[in-house]
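For reference, the structure is listed below as structure tokens.
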Amino acid sequence: MKKILVTGGAGYIGSHTVVELYNSGFEPVIVDNFCNSDKKVLSGIKAITGHEVTLYEGDCTDKAFMQQVFKQETLAGAIHFAAYKAVGESVAQPLKYYQNNIGSLLVLLDCMQAFAVNNLVFSSSCTVYGTPDQLPVTEKSPIKKAESPYGYTKQVAEQIIADMVRSNSGLAAIALRYFNPIGAHPSAKIGELPLGVPNNLVPFVTQTAAGIRKELVVFGNDYNTPDGTNIRDYIHVVDLAKAHVKTLQYLAGKSGFYDVINVGTGTGNSVLEVIASFEKVSGQNLPCRIGNRRPGDVEQVYAAVEKATRELGWQAGYTLEDALRDAWRWQLALAGKEGAR
Ligand code: UD1
């Protein structure tokens with residue numbers, strides 16, 4: 001079985017990817033420092049897959065630690081999730097973001113080169129496109145000036161990886177540009193565990209419906225969209241996880257190769273559509289009101305997904321309703337209520 005290093009493998013997207021790696025016959029090796037994840041996720045992974053996951057607890061910016069992991073394990077590739085991801089926090093604490101998000105990538109690439117591990121899948125984001133000139137956004141769309149240090153770490157990381165590939169290091173890498181990942185595993189055994197008040201729409205929605213938050217504030221309804229609210233491409237986290245496995249399979253045996261691929265559904269939905277869809281699948285009435293625009297929000301963005309289908313043979317299988325139903329089930333499971341199927 002091919003061993004794959006999964007940095008941030010206990011996190012939201014990482015844990016779902018670990019499950020899909022097992023499902024496809026890979027053996028994931030998690031590196032995580034649990035700064036934004038919980039060890040409970042390991043028992044969730046075991047409950048779904050039957051596997052006791054291999055875990056190295058530590059920080060990806062710690063070179064000696066990472067070298068130990070590479071010495072210990074014969075790796076066929078790596079998926080690099082470990083990073084900070086809060087846009088607002090990155091504006092307030094840019095150094096924290098540059099040190100961690102760039103520092104961890106540099107250490108990882110150094111180890112990969114030293115130990116001749118050639119296949120890398122990198123977690124990038126649609127944020128690199130900024131406000132796109134054309135919709136849907138293709139991979140050929142220009143990279144716009146980053147709105148936040150978080151966004152800039154994704155742009156710089158892509159460039160660093162491209163430079164490494166160009167330097168004849170043997171590296172073969174793909175940056176997956178995620179749109180908006182939502183939902184949870186349909187078993188409700190793993191899902192998102194936001195620390196404190198969630199910044200993202202769907203965890204805020206489910207927490208509001210569960211009575212943890214008083215009301216959802218819709219950030220503006222005066223945008224130039226059909227119902228006035230922002231449009232995003234919401235993708236089920238299990239579909240996104242599967243895209244990583246397909247990407248690894250695609251990279252196998254390649255060297256000196258770099259590409260970027262969008263991972264979304266190809267469909268845009270407004271904030272009000274998400275709320276209506278959530279109310280329908282959960283049977284809950286969601287307390288909400290219209291508030292001011294949130295600074296930095298892009299009016300609308302959704303993916304052109306032909307490249308993922310053409311190159312990886314991947315496309316999203318779940319609908320928005322599926323994802324919201326699974327997000328709600330996970331919220332109920334967290335609350336210990338009768339939520340699972
Ligand atoms: C942002 C980043 C994305 C990043 C992600 C990680 C941009 C353009 N996108 O996604 O790159 O990976 O954060 O956290 O910077 N909304 C409300 N009320 C709420 C919360 C959200 O109305 O309480 C709305 C937002 O205005 C937005 C939509 O819901 O229109 C989605 O917001 P969110 O889930 O925060 O994701 P993005 O901002 O799209």
Side-chain angles (χ1 to χ4, degrees), residues 8 11-14 36 81-91 97 101 122-132 135 137 141 143-155 157-158 175-183 192-209 212-237 240 260 262-265 268-278 286-303 320 323-324 327:
Y12 174 45
I13 306 171
N36 191 20
F81 291 108
Y84 297 143
K85 61 174 183 180
V87 176
E89 184 188 56
S90 79
V91 176
Y97 276 69
N101 292 10
F122 176 69
S123 278
S124 191
S125 165
C126 68
T127 196
V128 301
Y129 298 119
T131 300
L135 291 167
V137 190
S141 304
I143 300 291
K144 294 285 182 65
K145 189 176 177 339
E147 295 264 0
S148 69
Y150 159 77
Y152 193 51
T153 65
K154 295 298 177 192
Q155 295 182 352
E158 286 192 2
L176 294 179
R177 292 176 174 165
Y178 313 155
F179 283 66
N180 288 53
I182 60 164
E192 194 167 7
L193 285 168
L195 278 182
V197 183
N199 292 311
N200 296 113
L201 177 62
V202 171
F204 206 100
V205 164
T206 58
Q207 289 195 3
T208 306
I212 301 168
R213 312 278 157 216
K214 194 170 116 272
E215 61 180 4
L216 172 79
V217 179
V218 175
F219 295 144
N221 69 346
D222 56 352
Y223 286 97
N224 187 22
T225 59
D227 67 21
T229 63
N230 286 157
I231 289 175
R232 296 287 182 273
D233 184 335
Y234 295 94
I235 175 168
H236 196 300
V237 66
L240 177 56
V260 296
N262 287 343
V263 188
T265 65
N269 286 105
S270 72
V271 177
L272 293 183
E273 284 171 342
V274 171
I275 294 170
S277 183
F278 176 79
L286 193 76
C288 59
R289 69 174 168 88
I290 306 295
N292 293 331
R293 289 183 176 199
R294 180 172 67 175
D297 269 342
V298 168
E299 185 167 273
Q300 44 181 324
V301 59
Y302 51 95
L320 176 66
L324 293 170

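By convention here, the first residue in the shown sequence is residue 1. Counting starts at 1 for both ligands and their atoms, following the listed order. Note that the structure is predicted; figures quoted are calculated from it, not measured.
A side-chain contact (heavy atoms from CB on, under 4.5 Å) with Tyr302 is found for exactly one of Ile231, Asn180, Val137, namely Ile231. Screening Leu324, Leu201, Val205, Thr206 for a side-chain contact (heavy atoms from CB on, under 4.5 Å) involving Ile182 leaves a single residue, Leu324.
Among all non-hydrogen protein atoms, the one lying nearest atom 7 (C) of ligand 1 is Thr127 OG1, 3.8 Å. The protein heavy-atom contact nearest to atom 11 (O) of ligand 1 is Ser125 OG, 2.8 Å. Residue, atom and distance of the protein heavy atom nearest to atom 1 (C) of ligand 1 are Val87 CG2, 4.2 Å. Considering only non-hydrogen protein atoms, atom 5 (C) of ligand 1 sits nearest to Asn200 ND2, 4.0 Å. The protein atom (non-hydrogen) at minimum distance from atom 22 (O) of ligand 1 is Phe219 N, 2.9 Å. Of the protein's non-hydrogen atoms, the one nearest atom 37 (P) of ligand 1 is Asn180 ND2, 3.6 Å. Counting protein heavy atoms only, atom 8 (C) of ligand 1 is closest to Val298 CG2, 4.0 Å. Of the protein's non-hydrogen atoms, the one nearest atom 18 (N) of ligand 1 is Val217 O, 2.8 Å.
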### Task
Could you walk me through whether Glu147 and Val91 pass the side-chain contact (heavy atoms from CB on, under 4.5 Å) test, one step at a time?
CA-CA 9 Å; Glu147 295 264 0; Val91 176; over 6 Å; no
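Below 4.0 Å from some heavy atom of Val218 lie the following atoms of ligand 1, by number and element: 22 (O). Of all atoms in ligand 1, listed by their number and element, those nearer than 4.0 Å to a heavy atom of Lys85 are 6 (C), 14 (O). Annotation for ligand 1: atoms under 4.0 Å from non-hydrogen atoms of Asn230 are 26 (O), 27 (C), 30 (O). Heavy-atom proximity to Asn199, at under 4.0 Å, picks out these atoms of ligand 1: 20 (C), 35 (O). Using a 4.0 Å cut-off to heavy atoms of Val271, the atoms of ligand 1 that qualify are 22 (O), 24 (C), 29 (O), 30 (O).
For Tyr97 and Glu89, the side-chain atoms include at least one donor-acceptor pair closer than 3.5 Å. Side chains of Asn262 and Tyr129: a donor on one and an acceptor on the other come within 3.5 Å. Residues Glu158 and Ser124 have side chains that bring a donor and an acceptor to within less than 3.5 angstrom of each other.
Note: Glu299 CD to Thr229 OG1 = 10.0 Å, rounded to the nearest 0.5 Å.
Contacts of Tyr150 with ligand 1, taken as heavy-atom pairs under 4.0 Å, involve the side chain alone. Looking at Tyr234 against ligand 1, only its side chain comes within 4.0 Å, counting heavy atoms. Under 4.0 Å from ligand 1, the heavy atoms of Asp297 that appear belong solely to its side chain. By the criterion of a heavy-atom distance under 4.0 Å, the side chain of Leu216, and not its backbone, is placed next to ligand 1.
Within 6.0 Å of the CG atom in Asp222, the count of heavy atoms belonging to other residues, nucleotides or ligands exceeds 12.
In this structure, the side chains of Gln300 and Asn230 stay at 4.5 Å or more apart for every pair of heavy atoms.
Relative ring orientation between Phe81 and Tyr178 is described as tilted, the plane-to-plane angle lying within the 30° to 60° band.
Between the side chain of Gln155 and the main chain of Lys144, a donor-acceptor pair closer than 3.5 Å is present.
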